[in-house]
Colleague: 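Following this message is one structure expressed as structure tokens.
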Amino acid sequence: MSRTHACFVPPYLLRQLALSVPEEAERWHRLLAIDDDVRLRRAQAPGLRRGVADARGPAWVVHTASHGTDLPGEPARAAGDPPSEDVAVEEAALGISGTLALFAEVYGRDSYDGAGAGVSATVHYGQDYVNAFWDGTQLVFGDGDGRVFDRFTKPVDVLAHELTHALTEHTAGFVYEGQSGALNESVSDVFASCLKQRLLGQTALAADWLIGEGLFLPGIRARGLRDMAHPGAAYDDPALGRDPQPAHLDDYVETTDDNGGVHLNSGIPNRAFHLAAVAIGGSSWEGAGRVWFAALTGDQVTSRSDFAGFAAATVAAAASLGDVDVSAVEEAWARVGVTPASSPAAPAAAPAADLLAAADQVVVRRTGGFAGRTSEARVDLGADPRADELRDLVERIDLARVSGTPPQPDRFVYDFDLCGDRATLCEQDLTDDLRRVADLVLRPS
């Protein structure tokens, strides 16, 4: 079907068809993606209708890493191209074009940077890679491990979540640790949910408020990865454990894992948004979403804002919009224990976890990632078939010479204890040798 034909059918009708005829939902969502792309390109480049060439290139390009780790990989589909036969490529196209359309059509923002930046994404990253992230340049998605996680492109809200990290980087710039990091994560969940609900044509009251629905494979007892309406209730499974997200500030988790528990504590502002969206009424993206977007892109927050500071910004944004019930926003924050106020000094960090490795052991602890899970394992170098290779690696690794960089959204964080030599490093800082150590120690036996 051509792009012109895709625009002929109104978007609301395509969304209704996807709901009414679920066995053909993928087809209607594909048409919506193409339609959103057309409308976005029109909004971004009105000169095209007058015959003026678009020198900026396509609004987005999806690449494939073909299960390698070289980025961005080979181009697989760009905006305006016909659909691909690769399901992951199509899922990425739907999520990216839909999010760009949300930013442009609802909030009047030209891409994540406000200046029409093209979006680069890569699918099929790595082998059994159980993550998705924004690295400051592009979006990256793994295919899951085939045991617990399915493709990270499968839930459309994962795409929106990652692209919103790019938006946050170019606006509030929330530092990715502690409460500001939890806000960084929460804002991504907020607009991920807005996109999902917009594509489904749902009101805030009718939505399920799940993030990552469909990410888990059959047999895993999980409705999704996070539940914005009921933090702590998304899953309860032997492989995953029980969803540990708090829903109230009284239960805030102080930890050094995952950059200060950014994926855990995001449940608190997530629930505040849900409560505000339902109280304001209508759709989340046009109601509470406008408030949160104005707060994120305004001048009331800083890169170190905490929950109280961001809450104050949302209250101010609601008042400035003029057609929003400010008390609904205030009450939403009150119900999660947050009083809108200027951000105080950041609290002291929790003490670092002690891996307690013996002199002849290698211990690796991995936290963070999109799923916010923790994995830890140790190998005894005297009684394990992996010992010889690990011993060689440990002998040539000097952790003191490995430089660190600031944390990036949804990247893993690693704690290494190499026979007593310790370091905490972000995923992007690992050398090839350290990646191999992590793979050997953490892989399932």
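What you see is a predicted model, and the numbers here were worked out from it, not measured in a lab. The basis for the numbers below is simple: all heavy atoms, side chains too, and nothing from hydrogens, waters or symmetry mates.
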Colleague: When you measure from the side chain of Asp429 to the backbone N and O of Thr405, does any donor-acceptor pair fall under 3.5 Å?
Modeller: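 Answer holds: yes.
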Colleague: For a quick check under 3.5 Å, do Ser283 and Gln197 share a side-chain donor-acceptor pair by atom type?
Modeller: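 There is no such pair between these side chains.
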Colleague: Judged by modelled atom types alone, do Glu185 and His161 share a side-chain donor-acceptor pair under 3.5 Å?
Modeller: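 Yes.
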Colleague: Can you confirm if the NZ or CZ of Arg226 lies within 45° of the ring axis of Phe370 and under 6.0 Å from the centre of its six-membered ring?
Modeller: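 Satisfied, under 6.0 Å and within 45°.
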Colleague: Using a strict threshold of under 4.0 Å (side-chain N to carboxylate O), is an ion pair present between Arg198 and Glu286?
Modeller: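 A salt bridge is absent here (no side-chain N lies under 4.0 Å from a carboxylate O).
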Colleague: Do the side chains of Asp86 and Arg77 get close enough for a salt bridge, i.e. N-O under 4.0 angstrom?
Modeller: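 No.
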Colleague: Regarding Thr314 and Trp333, is there a side-chain donor-to-acceptor distance under 3.5 Å anywhere?
Modeller: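 Present: a donor and an acceptor within the cut-off.
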Colleague: Compare every heavy atom of Pro72 with every heavy atom of Thr122, then report the nearest pair and how far apart it is.
Modeller: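 That closest heavy-atom pairing would be OG1-O, 2.7 Å.
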Colleague: The test is salt bridge (charged side-chain N to carboxylate O under 4.0 Å, His left out); show your working for Asp257 and Arg365 and say whether it passes.
Modeller: CA-CA 9 Å; Asp257 284 348; Arg365 181 179 177 87; 2.4 Å; yes
Colleague: Please identify which of these residues, Leu139, Asp143, Thr69, meets the side-chain contact (heavy atoms from CB on, under 4.5 Å) condition with Tyr125.
Modeller: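 Exactly one pass, corresponding to Thr69.
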Colleague: What do the steps show when you test Arg304 against Glu177 for salt bridge (charged side-chain N to carboxylate O under 4.0 Å, His left out), and what is the final call?
Modeller: CA-CA 9 Å; Arg304 290 283 183 179; Glu177 61 183 11; 2.8 Å; yes
Colleague: Show the nearest heavy-atom pair for residues Pro231 and Asp243, with the distance to one decimal.
Modeller: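 Looking at all heavy atoms of both residues, the closest pair is C-OD2, 4.4 Å.
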Colleague: Quick check against the 3.5 Å criterion: does Asn265 have a side-chain atom that pairs as donor or acceptor with the backbone of Val253?
Modeller: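 Looks like yes, one N/O pair under 3.5 Å.
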Colleague: State whether the number of non-hydrogen atoms from other residues, nucleotides or ligands found under 6.0 Å of Arg223 atom CZ is greater than 12.
Modeller: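 It does: Arg223 CZ has more than 12 such atoms within range.
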Colleague: Does Asn184 use its side chain to pair, donor to acceptor, with the backbone of Phe174 at less than 3.5 Å?
Modeller: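 Here the side-chain-to-backbone pair exists.
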Colleague: May I ask you to decide if the ring planes of His230 and His274 are parallel, tilted or perpendicular, using 30° and 60° as cut-offs?
Modeller: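 Because their plane-to-plane angle lies in the 30° to 60° range, the rings of His230 and His274 count as tilted.
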Colleague: About how many Å separate CD of Glu74 and NE2 of His124, when rounded to the nearest 0.5 Å?
Modeller: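 Separation between the atoms: 13.0 Å.
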Colleague: Mind checking the OG1-CG spacing from Thr171 to Asp299? Nearest 0.5 Å is all I need.
Modeller: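 Reported value, rounded in 0.5 Å steps: 12.5 Å.
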Colleague: Is there side-chain contact between Trp285 and Phe293, with heavy atoms separated by less than 4.5 Å?
Modeller: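 Of all side-chain heavy-atom pairs linking Phe293 with Trp285, none is under 4.5 Å.
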Colleague: Please report the interatomic distance CG(Leu102) to CZ(Phe191), rounded to the nearest 0.5 Å.
Modeller: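 It is 7.5 Å, given to the nearest 0.5 Å.
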